[in-house]
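Residue numbers start from 1 in every chain, and the chains themselves are labelled A, B, ... in the order their sequence lines are given, proteins ahead of strands.
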Amino acid sequence: MEYDFRAIEQKWQQKWREDGTYNVEVDPSRPKFYVLDMFPYPSGAGLHVGHPLGYIASDIYSRYKRQSGFNVLHPMGYDAFGLPAEQYAIQTGQHPAITTEQNIARYRSQLDKIGFSFDWSREVRTCEPEYYQWTQWAFLQMFDHWYNNRTRRAEPIKELITYFEEHGTVGLDAAQTQNLEFSAHEWCAMSEADREQTLQNYRLAFRADTMVNWCPALGTVLANDEVKDGLSERGGHPVEQKRMKQWLLRVTAYAQRMLDGLDELEWSDSLKEIQRNWIGRSVGAQVFFEIAGTERKLEIFTTRPDTIYGVTFMVIAPEHEWVKELTTEDNREAVEQYIIDTKRRSERERIADTKRVSGVKTGSYAINPFTGQAIPIYISDYVLSGYGTGAIMAVPAHDSRDYAFARHFGIDIIPVVEGGNIEVESYDAKEGKLINSDIINGMDVKEAIDFMFKEVERRGIGKRLVNYRLRDAIFSRQRYWGEPFPIYYKGDVARRLADEALPLTLPAIENFGPTSEGEPPLARVKEWHTAEGYPYELSTMPGFAGSSAYYLRYMDPHNHEALVGKRENEYWRNVDLYVGGIEHATGHLMYSRFWNMFLYDLGYVCEKEPFKKLVNQGMIQGRSNFVFRIVGTNKFVSKGLKDGYETQRIHVDVNIVKNDILDIDAFRAWRPEFNDAEFVLEDGKYICDWAIEKMSKSMFNVVNPDHIVENYGADTLRMYEMFLGPLEQSKPWDTNGIDGVHKFLRRLWSKFYSRDGKLLINDEKATRAELKTLHKTIKKVGEDIENFSFNTSIAAFMICLNELGDCSKREVLEPLTSLIAPFAPHIAEELWHALGHTTTVCDAPFPKYNNDYLVENSFEYPVMINGKLRFKQEYALDLADSDIAAHIVTCEGAQKWLEGKMPKKIIVVKGKIINIVM
RNA sequence: GCGGAUAUGGUGUAAUUGGUAGCCACGUCAGACUUAGGAUCUGAUGCCGAGAGGCGUGGGGGUUCGAGUCCCUUUAUCCGCACCA
């Protein structure tokens, strides 16, 4: 009987669906395990073979954990709100709700064919009101809280109000947009609008007038992680800096906790490093420089307070709020012109030419608090308004940018650290002895930094300060397809909706594109206001809003009272294994951690971190094929013969090429222009050229998993995707080679059934060799799954079948069937039933290996290694300190080498002595 | 510029973590069975060499009885951050 994968897969997929085989419930009698995939954007293009890679890996792990006795939560859903869905809708002219619905249906049918063990009863869609109600709710919680740096947690804004009534800002240490100082009396005297304005300075979800990334083409602002090299990540449109009033999330409040939390996580080093860089912690000093002839003190941030005697000028960013005040009359024109020029340069230009030195004198002077000297203040765009205080003390001798600036403007360069060649370049290294520096002369740099931290504080001119590169997340988008803000306005005062009013549903509108007046699409909705007529916020939330807490919702997806019930949360706790792409390192994975920590502070969730272990699957690239058309003809020449002709290399659909051999008939049918194509063949075949490129429609290299499932079956697809190489590595898809895996499954099948359909399984006793093969495989596969080394476990299966030969003994094949079930669940289920079982293979215990079968025939020598007695097959042994020497020396193999002499060392490899040191 | 990762046959890769490099596949070659093969089965297949043998894990150096693995150095590719004070 043939291995009829189509019939088998259809049969079991249907059965699993009908029985709800993969649905799980809270069960305190069993240990839980939570395996999560990054849910997909249902884009219009459908899934290609790269998408399921991570899903297959996590599915194997889920099934393995389930067979190992865990209650496994393995859900799936759709990240359906956000820019990509809306852009697709705009392109196709259809309403995003409709295209999203269609795309989801397509994704679902593609996913279903692969045989995943998802609990679909827990499906979530971020665009549905029952779901985004809780996104809105979380936002309101952030609106209602502030971050207390003293207690290091979020606290209710009501308590802050009470504090203001009693103390004003005296003694307050809060995460804030700017440093405000007022007394209790002043607070009480404020108007309601002023108080609300003040509170926005502290709320964790707040509205502020800040510099934002504005993308004119998309008609919206973007968060920092959505901008790459000055272009929007989505669509690649230019992005400019613009001052706008926007909603933000105060993620910076959690910067230190997000940094500290990384140490506890089982994430890859590279991913942790990306997050560390993104947070960008740096320790330095805040120092105030008096401005000559005024009461003002210019605040700067520096990590090198030790170089303060080398400061010969100051620089402030062109956007600095004091630019006007610091500019003297005779410099005004030049400064204004410089600001205009700076604004005109796009973010992209600014990034592209960082070498250009430019700047203008303000005419004001600052007083160096240590030397008392007056030093000029410049404005220049090499100082960024967004980092630190937007002002620096410049030390040209020890900072390359300051050096370039000083050289350009002829400013003094005073070396204060020994080393380097100041005539040629600055000496930036953090080592050496201090010189020309009065009280710190002779100290080395590290010592001097510490000393100056204290000295600055002692003199009351500043303090030690930690700065972060991380920015607060811009949270509003001038788009239609997102969660509406549960916010309305009385005048300019933002008010929250009551919890009972949630969800605030997104109104269905006809025209969802940007308006011509530059207002968000929701401005078109006449009824977009409260019953009292107060207008709602017109922007919607960004894509990351809905994905920030979805892992919590899966725990309890139908709860109408809470985001997640206490009982459910305390059982499922957090995600044990998260599988997804590294591209979310600075986006979703940051926001989710922030969101979770915030809910943790409020007591809604019981774990500090959302994702304990995280595995990044590599990207699957495309492998394109090419044919060579002889220029000016409709004749195509095979790759090996092309040098004899003048040819043109054109992409050909990879689906009509197999093992680089072109299916000529399919090619003629592919496009009308090729109907009468002629060919120059080699050995009767047309061989195509190939190249690795991004998988995309325009390269004709997109491989649809449906196509593979149709031709080879889901089990083959699953195993082949894993066989392709290490999970974390990026690699091109290459359908060549899939036969090897398919052949393996057919051979597995042929152990159970003969050609004429007879069941071959027998109850004969297995030989020692067969059991050894079996247990070796069980050990290897079990260890490989734990290490996410799925490619090697598949190799182990192949070796196992090779070694077993034509053995069809139940004693061997039954454990093998349950062992392979996580990888190829359909065939395993079919064979499991063929073995006489009536329950699903998903619940068959994952087999355990018996070491007795593995060691019997091997040489084992006891060895001292690092002072411990161990049993190994190969080792380098220092005989001097081991009384096992006698044992070795009497060994048969050792005898002929020794000739009665006592060796220093005997080197034994795999039970064989390979070297003896006399 | 700073940080991270990778480099092994014609191809994808493996190597008990310092112990016989190339497992398992793809491809190629040869053979068997076949009307046929893009089916199945068997065998060969790192490179040089007729052979004995020699060489071989991007390059160079080192530690070690022994290095793909550890250390130094260098090159190439990929990724992240980047006028971050």
**Q** Restricting to nitrogen or oxygen on both sides, can you table the protein-nucleotides 9-12 of chain B pairs closer than 3.5 Å?
**A**
residue, atom, partner, partner atom, Å
B:rG12, O2', A:L724, O, 2.5

**Q** Do we get A:R593 above A:W267's six-membered ring, with its NZ or CZ under 6.0 Å from the centre and within 45° of the axis?
**A** yes
**Q** Does the structure show a Watson-Crick or G-U wobble partner for B:rA36, both distances under 3.5 Å? Name it, or say none.
**A** none
**Q** Sequence neighbours left out, what pairs pass side chain to side chain donor-acceptor pair (under 3.5 Å) with at least one residue falling in residues 301-310 of chain A?
**A** A:R304-A:D306
**Q** Are any of A:N802's side-chain N or O atoms less than 4.0 Å away from OP1 or OP2 of B:rA25?
**A** yes
**Q** I need a per-nucleotide contact map over nucleotides 35-44 of chain B, read 5' to 3'. Cutoff is protein heavy atoms under 4.0 Å; write B for the base, S for backbone only, - otherwise.
**A** ---BSSS---
**Q** For B:rU42, what is the paired nucleotide under Watson-Crick or G-U wobble rules, both distances under 3.5 Å?
**A** B:rA30
**Q** I need the CD-P distance between A:E783 and B:rU17, as an integer number of Å.
**A** 10 Å
**Q** With syn defined as a glycosidic angle within 90° of 0 and anti as the rest, where does B:rU28 land?
**A** anti
**Q** A:T792 side chain: which of B:rG80, B:rC26, B:rA14 is closest?
**A** B:rA14
**Q** The side chain of A:R469 is closest to which nucleotide in this list: B:rA82, B:rC26, B:rA85?
**A** B:rA82
**Q** Provide, to the nearest angstrom, the distance between the CE atom belonging to A:M590 and the P atom belonging to B:rC81.
**A** 12 Å
**Q** Check the distance between B:rG80's C1' and A:I279's CD1 and give it to me in whole angstrom.
**A** 14 Å
**Q** Could you check which nucleotide pairs with B:rA67 in any of the strands shown, counting Watson-Crick or G-U wobble with both distances under 3.5 Å?
**A** none
**Q** In whole Å, I'd like the distance from the CZ atom of A:F790 to the C1' atom of B:rA25.
**A** 19 Å
**Q** Listing request: all salt bridge (Lys or Arg N to Asp or Glu O under 4.0 Å) pairs with a residue in residues 724-735 of chain A, at least two apart in sequence or in separate chains.
**A** A:R623-A:D734
**Q** Let's test this: given Watson-Crick or G-U wobble pairing with both distances under 3.5 Å, identify the partner of B:rG3.
**A** B:rC79
**Q** Check for me whether A:R464 meets the cation-pi criterion with A:F453, that is, NZ or CZ under 6.0 Å from the six-membered ring centre and within 45 degrees of the ring axis.
**A** yes
**Q** May I have the distance from A:I316 (atom CD1) to B:rA85 (atom C1'), rounded to whole angstrom?
**A** 15 Å
**Q** What's the closest nucleotide to the A:T303 side chain, out of B:rA85, B:rG4, B:rC26?
**A** B:rA85
**Q** A:E273 side chain: which of B:rG3, B:rA85, B:rC83 is closest?
**A** B:rG3
**Q** Taking a pair as Watson-Crick or G-U wobble with both distances under 3.5 Å, which nucleotide is matched to B:rC24?
**A** B:rG12
**Q** Could you tell me if A:Y338 and A:S358 have a donor-acceptor pair between their side chains, going purely by distance under 3.5 Å?
**A** yes
**Q** Please report the shortest heavy-atom distance between A:G388 and A:F301, naming the atom on each side.
**A** CA-CB, 4.4 Å
**Q** Report the glycosidic orientation of B:rG9: syn if within 90° of 0, anti in every other case.
**A** syn
**Q** Side chains of A:E2 and A:Y753: any donor to acceptor distance under 3.5 Å?
**A** no
**Q** For A:L470 and B:rC81, what is the distance between atoms CG and P respectively, to the nearest whole Å?
**A** 13 Å
**Q** Need to verify one output field. Residue with the more 5' nearest nucleotide on RNA chain B, A:S730 or A:G740?
**A** A:S730
**Q** Say you pick atom C1' in B:rC47 and the same atom in B:rG80; how far apart are they, in whole Å?
**A** 39 Å
**Q** When rounded to the nearest 0.5 angstrom, what distance separates CZ in A:F788 from OG in A:S793?
**A** 11.5 Å
**Q** Could you tell me the Watson-Crick or G-U partner of B:rU17, where both distances fall under 3.5 Å? Say none if there is no partner.
**A** none
**Q** Could you tell me how far B:rG4 sits from B:rU64 if I compare only their P atoms? Round to whole Å.
**A** 28 Å
**Q** Round to a whole Å and report the spacing from CG of A:N277 to P of B:rG4.
**A** 9 Å
**Q** Rounding to an integer number of angstrom, what distance separates B:rU40 and B:rU34 when you compare their C1' atoms?
**A** 10 Å
**Q** Judged by modelled atom types alone, do A:Y591 and A:D225 share a side-chain donor-acceptor pair under 3.5 Å?
**A** yes
**Q** If you check the A:W278 side chain, which of B:rA25, B:rA85, B:rC81 turns out closest?
**A** B:rC81
**Q** Using Watson-Crick or G-U wobble geometry with both distances under 3.5 Å, which nucleotide pairs with B:rG53?
**A** B:rC48
**Q** Roughly how many Å apart are B:rG53 and B:rC70, using the C1' atom of each and rounding to a whole number?
**A** 31 Å
**Q** Using the P atom on both, measure B:rA82 against B:rG59 and round to a whole Å.
**A** 36 Å
**Q** Is it the case that the side chains of A:T792 and A:D784 hold a donor-acceptor pair, with the cut-off being a distance below 3.5 Å and no angle test?
**A** yes
**Q** Please measure how far the P atom in B:rC79 lies from the corresponding atom in B:rU74, and state the result in whole Å.
**A** 23 Å
**Q** Which one, B:rA85, B:rG80, B:rC81, comes nearest to the side chain of A:I392?
**A** B:rA85
**Q** For B:rG58 versus B:rU20, give the span between their C1' atoms, rounded off to a whole number of Å.
**A** 24 Å
**Q** Using atom CD of A:E721 as one end and atom C1' of B:rA25 as the other, report the distance to the nearest whole Å.
**A** 16 Å
**Q** Any side-chain N or O of A:N791 less than 4.0 Å from the OP1 or OP2 oxygen of B:rA14?
**A** yes
**Q** Identify, between A:K780 and A:D269, the residue whose nearest nucleotide on RNA chain B lies closer to the 5' end.
**A** A:D269
**Q** Side-chain atoms of residues 581-590 of chain A: list all donor-acceptor pairs with protein atoms under 3.5 Å, sequence neighbours left out, distances to 0.1 Å.
**A**
residue, atom, partner, partner atom, Å
A:H588, ND1, A:S547, O, 3.4
A:H588, NE2, A:Y578, OH, 2.7

**Q** Please determine which of A:F5, A:W749, A:F723, A:Y720 meets the ring-ring contact (aromatic ring centres under 6.0 Å, His included) test together with A:H742.
**A** A:F5
**Q** Can you list every pair that meets side chain to side chain donor-acceptor pair (under 3.5 Å) and has a residue in residues 387-398 of chain A, with sequence neighbours left out?
**A** A:S282-A:Y387
**Q** Expressed as a whole number of Å, how far does the C1' atom of B:rC24 sit from that of B:rA15?
**A** 12 Å
